[in-house]
Amino acid sequence: MPEKEIQIRGAAAVVTMDGARREISGGDVLLRGGVVAAVGQGLATTGEVVEAAGCVVTPGLVNTHHHLYQTLTRAVPGGQDALLFGWLKTLYPIWGRFGPEEMFVSAQVGLAELALSGCTMTSDHLYLFPNGARLDDTIAAAAEVGLRFHPTRGAMSIGESAGGLPPDALVEREAAILEDCIRVVDAFHDPREGAMVRVGLAPCSPFSVSRELMRDAAVLARDKGVMLHTHLAENDEDIAYSLAQFGCRPGQYAEDLGWTGADVWHAHCVKLDGSEIELFGRSGTGVAHCPCSNCRLGSGIAPVRAMRDAGVKVGLGVDGSASNDAGSLIGEARQAMLLQRVAKGADAMGVREALEIATLGGARVLGRDDCGSLEPGKRADVAVWDMTGVEAAGSWDPVGALLLCGPARVRHLFVEGRQVVRDGAMVTIDLPRVVERQNRLAARLMG
Ligand SMILES: Nc1nc2[nH]c(O)nc2c(=O)[nH]1
């Protein structure tokens, strides 16, 4: 962890997300030893100074749902206009040809895209392991890129022949899944404050794993002290499958199998009804809201306003880049705000609430009390947004302009006090080389 001090100085506004939600005009943020040392005006330093005049400084954004491997299958023609189940059936056979290199390179591309859009901490849901691919491949990618990483060991165990959606060739034996879950938790999970890697367990979705695996994963996660994650109530097909196969709605299914509580977060939840929202609020269960993917797959508008009003913890997710197909987290915050307005009116969600969901909200969903705000002692995860460009020219409120106008990329990004983006470019990896490698792999998959 860098001991050297960095002062981000003289920002147009520092959005702290502290208890009082202070915004400091002409604000400075001092980073030391991987944490925020001070926030205020006119701070002194003997360390490096990063000038932030004309910038908005926010806590790093937090991404609570992704499938990083999918950056290698963006805009696949057969999946461009399909609902969830048809889209998955188009893509499963392509994903079945991936191996360790595809997992590593696609993860680096997705992580770099996230970093450039202000993200300092991301989860990932990897649920297929063809041709020797392992969760380790994505963990190695994240270590090089430098983002705080919450990989989840996903799984599929019910293939088509047993009434599930995926092809039989892509599913794993349940005993082998649980064994590998234990391996990756023991090898990589770090429960300490400031952890750069925390592993979760994540059977893929009710239509691709058994009830037994869901239950066993919940027992194992609690034994190991790690979090649980899956897809839930994503669209009408998902609800129909739950009613037909399990005789109940997804909320009931989750509760029966131990999948509610402060250590659980579910992706999408577009179709949660009033009693399921109440259950999630009461039990402390989190939700990864993925507005662009929900639009792209025609899934619907998640009831985020009702969730927030019921005290449900909500974070943002870009979802996989085969169903977004971008991976811009600041874009997701804007889309979340706009969609609630489409559903509930122009005052249904403001910029500041959307930014709260994108930062503090995501950190809470991932169980990270040490992240999500700029306060002394919190981890030094910071995004610096340049508001002097054409897209925000003429704006009256720099914080409002961040989501109402732009920009789409950060100027600087710090994770644990280390600079990951400088002047709009990645400093940790050679991004043009990674992009070239990714395009070569995509061409091979297409061929
Ligand atoms: N948006 C997505 N939903 C999913 N459900 C499932 O089983 N897999 C996926 C996925 O990759 N994306």
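It should be emphasised that the depicted structure is a prediction, and the values quoted were computed from it without experimental measurement. Just so you know, ligand 1 is whichever comes first in the structure, and atom 1 is the first atom listed for that ligand. Computation of the quantities below employed the complete heavy-atom set of this structure, encompassing side-chain atoms and omitting hydrogens, waters and symmetry-equivalent molecules.
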Proximity of Phe85 to ligand 1 by residue part, where a heavy atom lies under 4.0 Å: neither
Pairs flagged by ring pair (Phe, Tyr, Trp, His ring centres under 6.0 Å) wherever residues 349-370 is involved - sequence neighbours left out: none
Selection from His65, Gln70, His231 by shortest heavy-atom distance to atom 4 (C) of ligand 1: His231
Do [X] and [Y] have side-chain N/O donor and acceptor atoms under 3.5 Å apart?
| X | Y | value |
| --- | --- | --- |
| His231 | His229 | no |
| Asp319 | Ser323 | yes |
| Glu332 | Asn324 | yes |
| Trp385 | Thr58 | yes |

His65-His268 aromatic ring centre distance below 6.0 Å: yes
Suppose we measure from [atom] to each protein heavy atom; which comes out shortest, and what is that distance?
| atom | value |
| --- | --- |
| atom 7 (O) of ligand 1 | Ser205 OG, 2.7 Å |
| atom 3 (N) of ligand 1 | Glu234 OE1, 2.8 Å |
| atom 11 (O) of ligand 1 | Tyr127 OH, 2.6 Å |

Please list, in number order, the atoms of ligand 1 under 4.0 Å from a heavy atom of [X].
| X | value |
| --- | --- |
| Leu84 | 2 (C), 3 (N), 4 (C) |
| Cys204 | 6 (C), 7 (O), 8 (N) |
| Phe207 | 5 (N), 6 (C), 7 (O) |

Within-shell test, His268 vs ligand 1, heavy atom, strictly < 4.0 Å: yes
Main-chain N/O of Gln419 paired to Arg422 side chain as donor or acceptor, under 3.5 Å: no
Test of proximity, Asp319 against ligand 1: N or O pairs below 3.5 Å: yes
